[in-house]
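Since the structure comes first, as C-alpha cells, the remarks are kept for the end.
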There are 2 protein chains.
Amino acid sequence: MTDRTTRERILDAALDLFGVRGVVAVSLDEIARDVGVRKQTVLYWFDSKEALVDGVLDKVAAELVIVIDAAVRSAPDDPLDRIDAVVRAVFRPAVRRPGLLGLVREVSRLSQGQADRLAERIAPLIDRAVAYLGDEMAAGRLRSGDPRLIAALGYATITGIATEPEVLRAVGWTADAAGLRSLRDELRAFLRAALQA
Amino acid sequence: MTDRTTRERILDAALDLFGVRGVVAVSLDEIARDVGVRKQTVLYWFDSKEALVDGVLDKVAAELVIVIDAAVRSAPDDPLDRIDAVVRAVFRPAVRRPGLLGLVREVSRLSQGQADRLAERIAPLIDRAVAYLGDEMAAGRLRSGDPRLIAALGYATITGIATEPEVLRAVGWTADAAGLRSLRDELRAFLRAALQA
DNA sequence: ACGATTGTCTACCAATTGGTAGAGAGAGAT
DNA sequence: ATCTCTCTCTACCAATTGGTAGACAATCGT
C-alpha cells in the first residue's frame, strides 16, 4: 500500500503555491520545503515539474466536478436557481483556497501540451453548461441567446473574479472572503437579470 | 536627445512577451533577442527587470487612459451608450495586443511593491467609473445598485475575457479577434440588461 | 579638434533552476 | 535473518537566471 500522505501533501502545497504565485514562479525546492521534505522526494512522486502540474490539475478538476454535481443535484428545478447554485458552488472552494481557479488560467500559458490537457478537463464542464442552457432556452425557461457565449462569459467572469483579489485589494477593495462573496453575489444578480425569461 | 527607439522597442517587445507568456516566464535575454540587441542593453535602459515591468505598466496605463478618455468624450450622453463605448474602447487594444490586460493581472502576484505601483495606476480608472456610475444612478438614469460592486465586476470580467483566450481556444472556442469580439458584445448586452433604469 | 556623454558591446559572476545517480533506512514477507 | 520493495536522503550537474564591470565606438557641444 503506497503511502499516500506525502503525495497528497505535495499536491496540496503545490496547489496553494501555484495558485497564489504562479507555476513558473514557484520552484520544486519551495514546494518541498513547504511539505517538510527534500526536492528530490517531490521528483520521486512526480517525474517532473510538468507531471506535478498535471497532478494538481487532476485534483482541481476532480474537485470541481464533485462540487458542481452536488450543487446541481441538490438545487431546485428552476434554471435560474440552479445556475445560481452552481455559481455559488464553484466559488466556495475558490474562496477557501485563493488562486485555485487562477491556476487554471495560468496553465494555459505554459506549454501546448499542458494547455491541451487542461482543455480535456475543462471542456466537459463548459459543454455541460452549454447543453443545459440550450435545453432550458429551448423550453422557454430562460431568455434565449447563444448558450456558448453565455457559458464562456460566465467562465471568464468567474475565473476573473477568483483570480483578481490581489488587484481588487490593491485598488482599495477588500480581498477577504466577504469581499469575494459580495462580488459573487453581484454576478449572480447580473446573471438573473440577463437570463430571466 | 536620448535615442528613443531602442527603449521603445524594448518596451513593446516586453509588453507582448510579458502579456502572452507571463513576466516570470520571460527572461531579459529573450526580450533582448526579440529586439535584436544584447541583454545588457536592456539593463542599460532599465536598471532591473522590475524597473522594466514598471516601465511597461506605465505604458499600459497611459494607453488605457488615453483610450478611455477618447471614448468618453466621443460617446453620446446616454449612460448606457457611454458605458458601452468604454467597454468597446478598452477591448480594442486588448484584442490588438493579446495579453495586454493579462499583464495587469499577473503583476499583482509578483512583489508587494509592484502590486502597489499597479494599484496607483489602476485605482484612478476604477474610481472614475465608480463615481460616474454613482452619479448616473443618483440621477435615475441607471438602475440603482452598488457602483463599487458593479465597477469591480466589470473590471474582473474584462480582464477575465481578455486573458482567457488561450483557455477558450483550448475548449473549442475561437480565440481570434472575432471570437473575442462576440464575447465582448455579450458582455455589453449583459451590462445593458443589468443597468437599464 | 577634442573631451564628455550616450549607447551598445564582450566577458564574467553568484545564485537558482529542473533533473540525475545512487546510497541507505524501514517495513513486510518468506 | 535476509531479501525486496518503498520511500527519502546526500551529492552532483548543466543550463539559465538577473545583474556587474568595463571596453569600445559614435555623436555631441565647445
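Note on naming: letters A, B, ... go to the chains in the order of the sequence lines (proteins, then strands), and numbering restarts at 1 for each one.
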Using atom [atom1] of [X] as one end and atom [atom2] of [N] as the other, report the distance to the nearest whole Å.
| X | N | atom1 | atom2 | answer |
| --- | --- | --- | --- | --- |
| B/Arg9 | C/dG7 | CZ | P | 13 Å |
| B/Leu28 | C/dA15 | CG | P | 19 Å |
| B/Glu50 | D/dG19 | CD | C1' | 14 Å |
| A/Phe46 | D/dT8 | CZ | C1' | 15 Å |
| B/Asp29 | C/dC12 | CG | C1' | 14 Å |
| A/Lys39 | D/dC13 | NZ | C1' | 10 Å |
| A/Arg38 | D/dC12 | CZ | C1' | 16 Å |
| A/Ile10 | D/dC7 | CD1 | P | 11 Å |

query = Which nucleotide in the list C/dG18, D/dG19, C/dT8 gets nearest to the side chain of B/Gln40?
reply =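 Closest of the options to the side chain of B/Gln40: D/dG19.
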
request  = Among D/dC9, C/dG7, D/dT20, find the nucleotide with the atom closest to the side chain of B/Leu43.
outcome  =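 The answer is D/dT20, which lies nearest to the side chain.
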
Examine [N]: is either OP1 or OP2 under 4.0 Å from a nitrogen or oxygen in the side chain of [X]? Give yes or no.
| X | N | answer |
| --- | --- | --- |
| A/Trp45 | D/dT8 | yes |
| B/Tyr44 | C/dG7 | yes |
| B/Ser27 | D/dT16 | no |
| A/Thr6 | D/dC7 | no |
| A/Thr41 | D/dC7 | no |

key: CD on A/Gln114 to CG on A/Asp116, rounded to 0.5 Å   =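 Those atoms lie 10.0 Å apart.
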
query = Stepwise, does the salt bridge (charged side-chain N to carboxylate O under 4.0 Å, His left out) test hold for B/Asp29 with B/Arg38?
reply = CA-CA 7 Å; B/Asp29 250 324; B/Arg38 297 287 165 261; over 6 Å; no

task = Answer with base, sugar-phosphate or nothing: what part of the nucleic acid does B/Val42 contact at a heavy-atom distance below 4.0 Å?
result =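 It contacts nothing in the nucleic acid.
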
ask   = Which part of the nucleic acid does A/Val26 contact within heavy-atom distance under 4.0 Å: base, sugar-phosphate only, or nothing?
value =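 Counting heavy atoms under 4.0 Å across all strands, the contact made by A/Val26 is with sugar-phosphate only.
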
request  = Mind listing the closest non-hydrogen atom pair of B/Ile10 and B/Val35 along with its distance?
outcome  =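 It is CA-CG2, 3.8 Å.
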
query = Should B/Arg141 and B/Asp77 count as an ion pair when the cut-off is N to O under 4.0 Å?
reply =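 The answer is yes: the pair qualifies as a salt bridge.
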
key: Residues B/Asp54, B/Arg121: salt bridge by 4.0 Å N-O rule   =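 Looking at B/Asp54 and B/Arg121, the cut-off is met.
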
